[in-house]
Amino acid sequence: CGYLIQKEIDVMGKALSAPERPFVAILGGAKVSDKIGVIENLITKVDKLVIGGGMAYTFLKAMGGEIGQSLLDAEKIDLAKSLIEKAKNNGVELLLPIDTVVTDSFPEPINAEIATEIVPSHAIPADKMGLDIGTKTIEAFSKAIADARTVVWNGPMGVFENPILAKGTIAIAQALANNDKATTIIGGGDSAAAVEQLGFADKMTHISTGGGASLEFLEGIVLPGIACLLDSRTKLAAGNWKMNKTPAEAAALMQDLVAKAGNASNDVLVCPPYVCLDAVLKAAKGTKIMVGAQNMHFEDKGAFTGEIAPNMLLEMGVSHVILGHSERREYFGETDETVNKKALKALSVGLVPVICCGESLAQREDGITIEWIRMQLKKALRGITAEQAAGIVIAYEPIWAIGTGKTATNEQANEVCSAIRALVAELYDADTAGQIRILYGGSVNAGNSADLFAMSDIDGGLVGGASLKADDFTVIANS
Ligand code: PGA
């Protein structure tokens with residue numbers, strides 16, 4: 001996207017997630033129904049909620065006031081009552097107009113010269129119509145704005161198309177312009193127009209041009225087009241070279257891979273045999289390709305003939321380590337307990353563990369896939385904190401699909417990856433589950449990677465055979 005959308009998301013996103021306080025929202029405009037969602041969301045976030053404009057009369061009525069001929073959204077009175085109650089329960093100070101500029105009728109044409117007077121907002125005479133906020137209200141609202149450190153303003157305070165009824169809206173724009181310590185966000189065509197007309201535009205932090213989308217953003221609605229841009233789970237294409245390639249062959253493959261996948265859209269990781277790490281790391285230097293190991297020991301050093309210690313990998317420049325691959329479990333006595341020890345160790349030295357899990361064909365046929373995976377991962381993740389878990393990678397690799405050419409269907413793979421994410425949410429929290437990357441592995445190739453990676457809970461692949469072919473792995477790295 002462009003810089004304008006970026007600014008919109010940065011400024012409004014910060015206001016919603018971590019505003020400097022006091023945080024004041026000023027809402028105006030004619031209809032309550034247009035702003036219900038915004039009020040409901042902001043009421044959980046702001047310190048003060050200021051309501052002016054036509055919509056204020058429904059709130060005044062809900063509080064038992066007399067509003068004369070002023071605009072009333074009769075069907076929304078109960079809702080207004082519940083919003084007033086919610087504000088109270090959340091400790092949000094609700095500011096409504098104290099006094100109101102009234103006329104005998106709505107100006108015709110809109111900019112007609114009309115006679116006005118100011119009356120208390122809760123006692124508007126039966127034959128009068130409130131069309132702007134009065135002087136006391138301007139004072140009170142301006143004071144709230146002056147004290148604020150974050151202000152969101154959406155909707156005019158009166159019929160600002162008529163100069164006589166524009167004073168409230170102008171005063172609010174002026175108060176915002178005067179507060180140079182606050183982050184000021186103007187949303188909605190009318191308030192933005194008022195600010196532009198008055199020449200205050202450059203005094204505001206941000207004037208939203210997002211229209212309805214910005215309102216939805218303030219309502220807390222997920223905007224799919226934005227959500228996918230903000231997706232923190234960049235896909236990861238991880239190559240597990242297994243026991244293939246000599247150092248010279250590995251260097252040649254890497255050279256090819258760097259040329260083809262050096263700028264791939266996904267994160268890219270290759271995990272060659274230990275003795276090839278040096279050559280592969282040299283070739284990967286300065287590119288986006290990360291290098292991992294296929295295993296490690298959980299001890300720092302000692303009499304463990306044939307083993308490799310975590311700090312040896314770290315010193316070389318390795319960033320990731322595959323742990324608990326089913327081939328290691330099957331042929332080399334790896335257990336859930338050793339996987340857990342290794343994962344804890346990897347995290348303690350700063351290596352990212354890629355923890356593998358997966359069921360056998362018999363287990364799938366017995367219908368115990370999910371239970372089995374949950375058990376494997378519960379043991380593997382024991383003692384790992386939420387913060388650590390958010391950064392690790394889990395690879396779901398059904399054993400029956402590894403190296404067999406049999407891929408799990410997209411749905412089968414996603415079902416288990418979703419169950420893994422649900423388990424992470426259960427063990428930790430939704431945030432951690434949203435961040436952890438879950439890969440699918442098992443006969444991933446250039447022909448099926450795009451569809452697999454498009455599934456909701458599949459964040460990439462752990463790829464064996466196809467990672468040894470630069471062209472195929474390049475396709476996967478861009479899927
Ligand atoms: P495969 O291997 O892609 O050759 O099936 C996957 C793996 O074992 O990680």
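All ligand and atom numbering here is 1-based and tracks the order in the structure.
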Ligand 1 to K242 polar contact by distance, N or O atoms, under 3.5 Å: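 Looking only at distances, the answer is yes, because the N/O contact criterion of under 3.5 Å is met.
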Polar contact flag for G464 and ligand 1 (N/O pairs, less than 3.5 Å):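 G464 vs ligand 1: N/O contact under 3.5 Å present.
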Using distance alone, with no hydrogens and no angle criterion, decide if [X] and [Y] have a side-chain donor and acceptor under 3.5 Å apart.
X	Y	answer
N311	K301	no
H325	E397	yes
S456	N414	yes

Below 4.0 angstrom from a heavy atom of [X], which ligand 1 atoms are there? Numbered from 1 as shown, please.
X	value
E397	6 (C), 7 (C), 8 (O), 9 (O)
N240	9 (O)
L462	6 (C), 9 (O)
S443	1 (P), 3 (O), 5 (O)
H325	7 (C), 8 (O), 9 (O)

Option set G441, S467, G465, criterion heavy-atom distance to atom 4 (O) of ligand 1, minimum: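 The option holding the nearest heavy atom is G465.
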Smallest separation among heavy atoms of A15 and T150, with atom names: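 What the structure gives for the nearest pair is CB-CG2, 4.0 Å.
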Least distance between heavy atoms, A389 atom then I384 atom: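 Closest heavy-atom pair between A389 and I384: N-CG2, 3.7 Å.
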Nearest-0.5 Å distance, CE of residue M296 to CD1 of residue I308: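 If I round to the nearest 0.5 Å, the distance is 11.5 Å.
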Gap between atom NZ of K378 and atom CG of D336 - 0.5 Å precision: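 These two atoms lie 12.5 Å from each other.
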Sub-4.0 Å heavy-atom approach of G403 to ligand 1: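 Heavy atoms of G403 do come under 4.0 Å of ligand 1.
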